[in-house]
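The structure presented is a predicted model; accordingly, all values stated were derived computationally and were not measured.
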Amino acid sequence: MKIFYSLFLILILVSCGQKKAKNQQSNAGDVAQVQTSKKHPGELAYKKHCMSCHQRDAGGVPGMYPPLADNKVVSGDKNELIKIVLDGMSGEIEVNGEIYNGVMASYRNLPDAEIAKLLNYLRSGFKNEGDEITSAEVKAMR
């Protein structure tokens, strides 16, 4: 029985590794477009709080975590985006034609300025565009 469970675990690990490699290959061009010689003030916050789920290229993980790259919500209404970060999110959503049904934690514990920098990082790259978000706007949404 132990051998069966060991083989099952190995199969899952190999399968996850193949999906990740495929996702990284398909988004390799996006990464090159986003990288610049000067770091954005929100990049560290993205790496610290978002990258583990949404990946380095903001491409997400198919079926698990939606992409933040080329995302209408990220580029769209400031208040909706701020609300998602402050309150978290759960339930079914559709992003770029794919359905996701998961949970995103609330980041209400982060300072207003850090949230603003993080969201501006997302809105100024990764094939997104949007007006700048200020820490005052984040504070007003609390």
Side-chain angles (χ1 to χ4, degrees), residues 2 4-142:
K2 288 182 182 181
F4 173 75
Y5 287 119
S6 297
L7 290 173
F8 181 72
L9 181 60
I10 290 170
L11 179 64
I12 288 176
L13 291 173
V14 168
S15 173
C16 290
Q18 289 175 343
K19 285 181 183 177
K20 184 176 180 181
K22 185 177 180 180
N23 188 40
Q24 288 173 343
Q25 288 173 353
S26 68
N27 293 312
D30 294 342
V31 174
Q33 291 176 353
V34 173
Q35 293 175 340
T36 62
S37 59
K38 191 174 186 180
K39 291 196 180 222
H40 189 283
E43 183 176 0
L44 180 61
Y46 179 80
K47 287 180 178 179
K48 185 176 179 182
H49 303 291
C50 310
M51 189 171 79
S52 62
C53 294
H54 295 285
Q55 305 302 300
R56 178 179 304 275
D57 64 356
V61 176
M64 292 182 69
Y65 304 111
L68 299 177
D70 195 20
N71 185 309
K72 292 176 185 174
V73 174
V74 174
S75 294
D77 181 79
K78 293 178 182 185
N79 291 336
E80 183 180 350
L81 183 59
I82 294 168
K83 184 175 175 17
I84 290 170
V85 173
L86 288 175
D87 296 337
M89 183 175 208
S90 65
E92 192 173 278
I93 60 168
E94 183 177 338
V95 178
N96 299 338
E98 188 168 344
I99 302 294
Y100 296 87
N101 191 359
V103 177
M104 181 181 135
S106 163
Y107 287 94
R108 188 170 286 277
N109 61 313
L110 297 180
D112 299 335
E114 187 171 0
I115 291 172
K117 288 176 188 176
L118 165 63
L119 295 179
N120 288 324
Y121 175 63
L122 288 171
R123 287 167 72 92
S124 65
F126 302 104
K127 297 183 182 177
N128 293 313
E129 294 180 4
D131 295 335
E132 186 172 316
I133 295 173
T134 65
S135 57
E137 290 171 314
V138 176
K139 183 177 183 176
M141 290 295 299
R142 282 190 188 270

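- Considering only heavy atoms from C-beta on, Lys78 stays 4.5 Å or farther from Glu132 through its side chain.
- Within the structure, the ring-ring contact (aromatic ring centres under 6.0 Å, His included) test picks out the following pairs touching residues 63-118 (sequence neighbours left out): His49-Tyr107.
- When all heavy atoms of Val95 and Ile93 are compared, the pair lying nearest together is CG2-CD1, 3.9 Å.
- Counting heavy atoms from C-beta on, the side chains of Pro66 and Glu98 never come closer than 4.5 Å.
- In this structure, the side chains of Pro67 and Asn96 come closer than 4.5 Å at one or more pairs of heavy atoms.
- Salt-bridge annotation for Arg123 and Asp131: absent, with no side-chain N of the basic residue lying under 4.0 Å from a carboxylate O of the acidic one.
- In this structure the side chain of Met104 never reaches within 4.5 angstrom of the side chain of Ser90, judged on heavy atoms.
- The two atoms that bring Arg142 and Leu110 nearest to each other are NH2-O, 2.6 Å, heavy atoms only.
- Within the 4.5 Å cutoff, side-chain heavy atoms of Asn128 are placed close to those of Ser75.
- Interatomic distance, CG of Asn120 versus CD of Glu43, reported as 14.0 Å (0.5 Å rounding).
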| task | May I have the step-by-step check of side chain to side chain contact (heavy atoms under 4.5 Å, CB included) for Met89 and Val103, ending in yes or no? | result | CA-CA 6 Å; Met89 183 175 208; Val103 177; over 6 Å; no
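- The shortest non-hydrogen separation linking Asp112 to Lys139 is OD2-CB, 3.2 Å.
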| field | Ile133 vs Leu81, side chain to side chain contact (heavy atoms under 4.5 Å, CB included): CA-CA, chis, key distance, verdict | value | CA-CA 10 Å; Ile133 295 173; Leu81 183 59; 4.2 Å; yes
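- Taking the side chain as every heavy atom from C-beta outward, Glu114 and Pro111 approach each other to under 4.5 Å.
- A distance of 4.5 Å separates SG of Cys50 from CG of Leu118, quoted to the nearest 0.5 Å.
- Ring geometry for Phe126 against Tyr121 counts as perpendicular: the plane angle is over 60°, on a 0 to 90° scale with 30° as the lower cut.
- The distance from atom CZ of Arg108 to atom CD1 of Ile115, rounded to the nearest 0.5 Å, is 8.0 Å.
- For the atom pair Leu68 CG and Met51 CE, the distance stands at 12.5 Å (nearest 0.5 Å).
- Side-chain contact check for Leu86 versus Lys83: every heavy-atom pair is 4.5 Å or farther apart.
- The environment of Glu94 atom CD is dense: over 12 non-hydrogen atoms of other residues, nucleotides or ligands sit within 6.0 angstrom.
- Summarising the geometry, atom CG belonging to Leu122 is positioned 15.0 Å from atom NZ belonging to Lys127; distances are rounded to the nearest 0.5 Å.
- Here the straight-line distance linking atom CE of Met64 with atom CG of Asn101 works out to 12.5 Å at 0.5 Å rounding.
- Contact of the Val138 side chain with the Lys117 side chain is not registered, since no non-hydrogen atoms from C-beta on lie closer than 4.5 Å.
- Glu137 and Thr134 get closest at one heavy-atom pair: OE1-N, 2.8 Å.
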